[in-house]
Amino acid sequence: MAKLAKLDDIVSLCKRRGFIFQSSEIYGGLASCYDYGPLGVELKNNVRKAWWKAVVQMRDDVVGLDCSILMHPLVWKASGHADKFADLICECKKCNTRTRVDHLKDKAEEGAAAQEHIEHVDIEKEVAAQHDLSNKVCPDCGKVGNFTEPMPFKLMFETQMGANVDDSMTLFLRPETAQGIFANFRNVLDTTRVKIPFGIAQIGKSFRNEVTTKAFIFRTREFEQAELEFFCEPGTDDEWFEHWKEQRFNWYLNLGIKKENLRFREHDADELAHYAKGCVDVEYKFPFGSGDWQELEGIANRTDYDLRQHQRGMRTLNAWFEAKGDLAKIELKAEAEEYLKGPLSYFDDVEKKRYIPYVIEPSAGIDRSTLAFLVDAYDEEEVRGEKRNLLRFHPALAPTKVAVFPLVRKDGMPEIARNIYNDLKEHFTTFYDEKGAVGRRYRRQDEAGTPFCITVDGQTLEDKTVTVRERDSMEQVRVATDKLPGHLREKLV
RNA sequence: GCGGGUGUAGCUCAGUGGUAGAGCGUCACGUUGCCAACGUGAAUGUCGUGGGUUCAAGUCCCAUCACCCGCUCCA
């Protein structure tokens, strides 16, 4: 039975073994930013690789992409982020609690049913609009009508392109990787001979100025996403939605996440983004908050919304030039009447029809998954009265696959072990260690999550076999040295 | 952003206004013949940061940064 890890245990293990460090630690740290250490970068790379392999390489119907983080500002006008990716917040003057303006209740409504989920507001309009808060109740202290003026919270990071201050353009760090895929939909269609249904996948950094960050690397302002936009014919979208739900859930299970810690959560209709037809979260039972379920990945049916929006965006280019690049001064142009035949439409050669594809989007957080894999693998057990800490990583995720030891440092054992190490590191991420007692070396590898330890002993000198010790069971088998790569490859699939 | 808590060695933590500590870990040498063994020795501290009070501050005061818990918020 695995021990329930506390977040503090995980944080301290991550530091101790070099998985994750606070960013800029020598300067006192920078809020919500983290660095991956030597073991952490291997782990995170393996999470990426596992996703890429499952979503791109093992499929005939998905191709990859890697877009720039900085994109044309109109991308965010079209996607809606520039207008809507912001919240209007006011603060209670009595207790300083901050609340979204659209979440405040009238005094008369107090105790009424839970509020509806409302999309991010159109910030320019909302700021201009008059808000009568005189009858609103502070959800915290109950004080009525005692609020500061509403203030907008922008959730996108802004930066300037161009070294010349007078001639620079305000750009946004992307708040999601998805839009780069939509913006390249045409390029991929024109260059790769893909046919619908097909998907485009991308892994990369995204940035959001979250109002609050949370729980170690769970919610950070800079984070890594793995997103797939799967394009399909309208009418087949429900089917594909179910397909990807299953695929993505099983991905976590196949990589060793315990079933009891993983679940789906369907979004209620009033919780859905306005463009989404359906959305389900894959949730993991993290050991923080109130031991609560937290989102690892969202799988959404985005319909034809994004491609249609970008067709509108493309039509807005002139207006943008005329407004000298001021996004706030322009409206997205209305959709063309013939939008179904627009530049981002798809022509089906067999059916001889043209349409805007629907999109199923599984969007996973790589940092979140990495944390979930760490938490789920964490275990403590008692062996001969001693505590054994270990990470029961799936072999595909383990930062180091194999460690090689000489049992003792004499009789030529180190030389043989080194030769084995040099041979194996061509095939696997391998680690060599000859310091201290062999038991200690085993335990060090346990805490790094290394699945196999190979030990050269006295018998090796006689018959060229070594012991292969398995992390979880601590059991050993003897294997001929020349059979090692094959033996390990079979176990490490 | 609010409330509560924390911050001293890589980790876990002691530390009463008066010399900076322990356990584990790390390193070196020896020993060792399969699960954190033993011996000897060693290194590692902006006591989160900056001010202040004091003859003297890790300890008291103020500010600030970061993390954790709970709110709030959350594609």
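Proteins get letters first, then strands, A, B, ... in listed order; numbering begins at 1 in each. Note that these values count all heavy atoms, side chains included, but never hydrogens, waters or copies made by symmetry.
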What's the separation between atom CH2 in A/Trp251 and atom CZ in A/Phe249, rounded to the nearest 0.5 Å?
13.5 Å

Atom CZ of A/Arg388 and atom C1' of B/C35 are separated, to the nearest Å, by 9 Å

Distance check, rounded to the nearest 0.5 Å: A/Lys44 atom NZ versus A/Phe373 atom CZ?
14.0 Å

Please state how far atom CD in A/Glu382 lies from atom C1' in B/C35, giving the value in whole angstrom units.
15 Å

Salt-bridge criterion met for A/Glu415 and A/Lys410 (N-O under 4.0 Å)
no

Rounding to 0.5 Å, atoms OG (A/Ser206) and CG (A/Leu173) come to a distance of 9.5 Å

Answer yes or no: is there a donor N or O on one side and an acceptor on the other, between the side chain of A/Thr400 and the main chain of A/Val402, under 3.5 Å?
no

How many Å lie between CD1 on A/Ile26 and P on B/U46, as a whole number?
11 Å

What string of B, S and - do you get for nucleotides 22-34 of chain B, 5' to 3', when a contact is any protein heavy atom under 4.0 Å?
---SS-S---BBB

Dot-bracket notation for RNA chain B is requested: 5' to 3', Watson-Crick or G-U wobble pairs only, both distances under 3.5 Å, with ( ), [ ], | and . as defined.
(((((((..((((....[..)))).(((((.......))))).....(((((..]....))))))))))))....

Using a 4.0 Å heavy-atom cut-off, does A/Phe218 contact any base of the nucleic acid, only the sugar-phosphate backbone, or nothing at all?
nothing

Within the side chain of A/Arg441, is there an N or O that forms a donor-acceptor pair under 3.5 Å with the backbone of A/Gly436?
yes

Just the rounded figure in Å: distance from P of B/C35 to CD of A/Glu381.
15 Å

For A/Lys15 and B/G10, is the shortest distance between a side-chain N/O and OP1 or OP2 below 4.0 Å?
no

Between A/His310 and A/Gln179, is there a side-chain donor-acceptor contact under 3.5 Å, judged purely by atom types and distance?
yes

I need the CD-P distance between A/Glu25 and B/C65, as an integer number of Å.
18 Å

Roughly how far, to the nearest 0.5 Å, is the CZ atom of A/Phe157 from the CD1 atom of A/Ile69?
12.0 Å

